[in-house]
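Remember, it's 1-based here, ligands and their atoms both numbered in the order they're listed. None of these values were measured; they are calculated from a predicted model.
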Amino acid sequence: MSVPRYGHIVVLSGAGLSAESGLSTFRDNGGLWDSHRVEDVATPEAYARNPDLVQRFYNERRAKLADVQPNAAHRALGRLQQAFDGQVTLVTQNVDDLLERGGARDVIHMHGELLKVRCVPCGTVHGWRDDCTQATRCPACGAAPGMRPDIVWFGEMPYHLDRIYAALGDCDLFVSIGTSGNVYPAAGFVAEVRRAGYAHTVEINLEPSAGVSYFAERRHGKAGEIVPDFVE
Ligand SMILES: CC(C)NC(=O)[C@H](Cc1c[nH]c2ccccc12)NC(=O)[C@H](CCCC/N=C(/NCCC(=O)O)S[C@H]1O[C@H](COP(=O)(O)OP(=O)(O)OC[C@H]2O[C@@H](n3cnc4c(N)ncnc43)[C@H](O)[C@@H]2O)[C@@H](O)[C@H]1O)NC(=O)OCc1ccccc1
């Protein structure tokens with residue numbers, strides 16, 4: 001793909017982008033939702049009901065980040081964004097930091113980040129690498145309990161939607177990488193782009209996603225193999 005041809009590229013990514021780095025996806029066999037019920041670990045109700053279980057779920061995933069590395073797809077997207085400064089908007093549903101460690105400078109984490117926690121009482125967001133528990137005190141206001149993973153749970157409003165929809169309405173290339181297209185509003189972005197009417201749309205995924213019919217071009221296979229060629 002000759003990037004120069006495109007003025008503004010939006011890349012949406014999901015768990016499949018980080019699968020080859022050793023991070024579980026959600027719905028695949030052996031995925032996170034095999035061993036945990038969404039409603040037990042990724043909803044505000046779950047956190048109210050059993051905060052220790054939810055904190056443990058995210059502490060395990062946060063700690064796992066130290067054992068994994070960006071893969072060739074992360075690095076290729078980092079190169080792309082650096083090479084075409086301001087022309088590439090990286091939107092991710094992923095809460096890991098592998099795009100940044102792969103060289104990306106500006107990543108829109110629409111579902112939050114594992115390496116951040118938020119103090120509910122005072123609203124302050126803190127960079128965080130250790131475990132977070134109900135006893136963890138907010139460095140800003142001293143509150144405990146109150147520090148929760150800075151993650152968007154089901155039923156909660158995703159982050160940065162205004163910036164994302166502005167980019168979707170302005171892009172001339174929309175690429176979706178490693179997402180099954182089951183979770184909204186992210187799963188509706190390609191339809192939004194098709195509605196705007198002039199962007200080329202490409203799906204890169206191991207298998208056809210739930211939204212495959214919306215994409216003009218489909219490349220099915222591993223992101224780590226397809227993305228480096230695609231962006232060169
Ligand atoms: C289940 C679904 C039906 N439910 C929803 O969509 C809900 C409700 C809803 C809203 N609108 C709707 C419309 C219709 C129906 C339902 C809804 N959505 C919400 O609650 C959202 C909030 C959703 C966010 C929840 N938090 C997450 N994550 C953080 C937590 C955490 O990480 O623990 S979602 C979480 O699951 C989703 C998982 O999807 P994928 O990333 O795609 O992963 P998956 O495993 O499914 O697929 C991986 C794919 O990769 C492929 N693959 C595997 N290996 C590779 C490989 N090597 N290479 C390439 N591809 C590969 C596989 O083949 C597979 O296809 C991601 O978004 C991920 O972030 N909030 C909201 O709607 O707020 C109100 C609102 C919003 C806007 C405007 C007004 C009001």
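In this structure a side-chain-to-backbone donor-acceptor pair under 3.5 Å is missing from Ser18 to Ser21. With hydrogens and angles ignored, the 3.5 Å screen pairs a side-chain donor or acceptor of Gln81 with a backbone N or O of Asp106. Side chain of Arg137 to backbone of Gly142: a donor-acceptor contact under 3.5 angstrom is found.
Checking only distances, Gly181 never comes within under 3.5 Å of ligand 1, N or O to N or O. Residue contacts with ligand 1: Pro158 is placed with no nitrogen or oxygen under 3.5 Å of a nitrogen or oxygen of the ligand (distance criterion only). At least one N or O atom of Ala15 sits closer than 3.5 Å to an N or O atom of ligand 1. Taking distance alone, with nitrogen or oxygen atoms compared against 3.5 Å, Asn205 approaches ligand 1 more closely than that limit. Any N or O atom pair closer than 3.5 Å counts here, and Phe154 shares no such pair with ligand 1.
Arg56 and Asn59 share no side-chain donor-acceptor pair at under 3.5 Å.
The shortest separation from a heavy atom of Gly188 to ligand 1 is not under 4.0 Å, leaving the residue out of contact. Using 4.0 Å as the threshold, Ser209 has no heavy atom nearer than that to any atom of ligand 1. Ligand 1 lies less than 4.0 angstrom from a heavy atom belonging to Arg61.
Atoms of ligand 1 lying under 4.0 Å from any heavy atom of Gly221, numbered from 1 in the order shown and given with element: 58 (N), 59 (C). Interface atoms of ligand 1 facing Thr25, defined by a heavy-atom separation under 4.0 Å, are 45 (O). The Glu207 neighbourhood of ligand 1 comprises atoms 62 (C), 63 (O), 64 (C), 65 (O), with distances under 4.0 Å to a heavy atom of that residue. Against a heavy-atom cut-off of under 4.0 Å, Asn182 is close to the following atoms of ligand 1: 2 (C), 3 (C). Near Ala19, the atoms of ligand 1 lying under 4.0 angstrom from a non-hydrogen atom of the residue are 54 (N). With ligand atoms numbered from 1 in the order given, ligand 1 contributes 30 (C), 31 (C), 33 (O) to contacts under 4.0 Å with heavy atoms of Tyr58. Close approach of ligand 1 to Glu156 (heavy-atom distance below 4.0 Å) involves ligand atoms 21 (C), 22 (C), 70 (N), 71 (C), 73 (O).
Counting only heavy atoms of the protein, atom 38 (C) of ligand 1 lies nearest to Arg27 NH1, 3.3 Å. Protein heavy atom closest to atom 56 (C) of ligand 1, with residue, atom name and distance, is Gly16 O, 3.4 Å. For atom 29 (C) of ligand 1, the closest heavy atom belonging to the protein is Val152 O, 3.3 Å. Looking only at heavy atoms of the protein, atom 18 (N) of ligand 1 is closest to Tyr184 O, 3.0 Å. Nearest non-hydrogen protein atom to atom 27 (C) of ligand 1 is His111 ND1, 3.6 Å. When only non-hydrogen protein atoms are considered, atom 37 (C) of ligand 1 lies nearest to Val183 CG2, 3.6 Å. The protein heavy atom nearest to atom 40 (P) of ligand 1 is Thr179 OG1, 3.8 Å. What sits closest to atom 66 (C) of ligand 1 on the protein, heavy atoms only, is Gln93 OE1, 3.4 Å.
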Working note: Val152 + Met110, criterion side-chain contact (heavy atoms from CB on, under 4.5 Å); need CA distance, chi angles, decisive distance, verdict. CA-CA 8 Å; Val152 176; Met110 69 179 292; over 6 Å; no
Check the pair Trp153, Val54 against side-chain contact (heavy atoms from CB on, under 4.5 Å), reporting the backbone distance first and the verdict last. CA-CA 11 Å; Trp153 288 323; Val54 172; 3.6 Å; yes
Worked verdict on Thr89 versus His8 for side-chain contact (heavy atoms from CB on, under 4.5 Å): CA-CA 8 Å; Thr89 301; His8 184 187; 2.8 Å; yes
Apply side-chain contact (heavy atoms from CB on, under 4.5 Å) to the pair Tyr159 and Asp150, showing each step before the final yes or no. CA-CA 10 Å; Tyr159 293 158; Asp150 187 29; 2.5 Å; yes
Should His220 and Glu203 be marked as a side-chain hydrogen bond (donor to acceptor under 3.5 Å, both in side chains) after you check the CA-CA gap, both sets of side-chain angles, and the distance that decides it? CA-CA 8 Å; His220 294 133; Glu203 168 173 284; 2.7 Å; yes
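Few gaps surround CZ on Phe57; more than 12 heavy atoms of other groups in view lie less than 6.0 Å from it. By the 6.0 Å contact criterion, CZ on Arg49 is enclosed, its count of non-hydrogen atoms from other residues, nucleotides or ligands being greater than 12.
Here atom 30 (C) of ligand 1 lies nearest to Ile151 when heavy atoms of Asn94, Ile204, Ile151, Val38 are compared. For atom 48 (C) of ligand 1, the nearest non-hydrogen atom from the set Gly178, Pro185, Gly14 comes from Gly178. Relative to atom 57 (N) of ligand 1, the option among Glu113, Lys222, Glu20 with the closest non-hydrogen atom is Glu20. Taking all heavy atoms of Trp153, Phe57, Phe26 into account, the minimum distance to atom 35 (C) of ligand 1 is reached by Phe26.
For atom 22 (C) of ligand 1, a protein heavy-atom neighbour is found at a distance under 4.0 Å.
Proximity of Pro139 to Trp128: side-chain heavy atoms (C-beta onward) are separated by under 4.5 Å at one or more points. Using a 4.5 Å heavy-atom threshold, the side chains of Phe84 and Ile9 count as separate. Within the 4.5 Å cutoff, the side chain of Leu98 has no heavy atoms near those of the Asn71 side chain. Contact check for Asn94 versus His109: no side-chain heavy atoms found under the 4.5 Å cut-off. Using a 4.5 Å heavy-atom cutoff, the side chains of Thr201 and Glu217 are not in contact.
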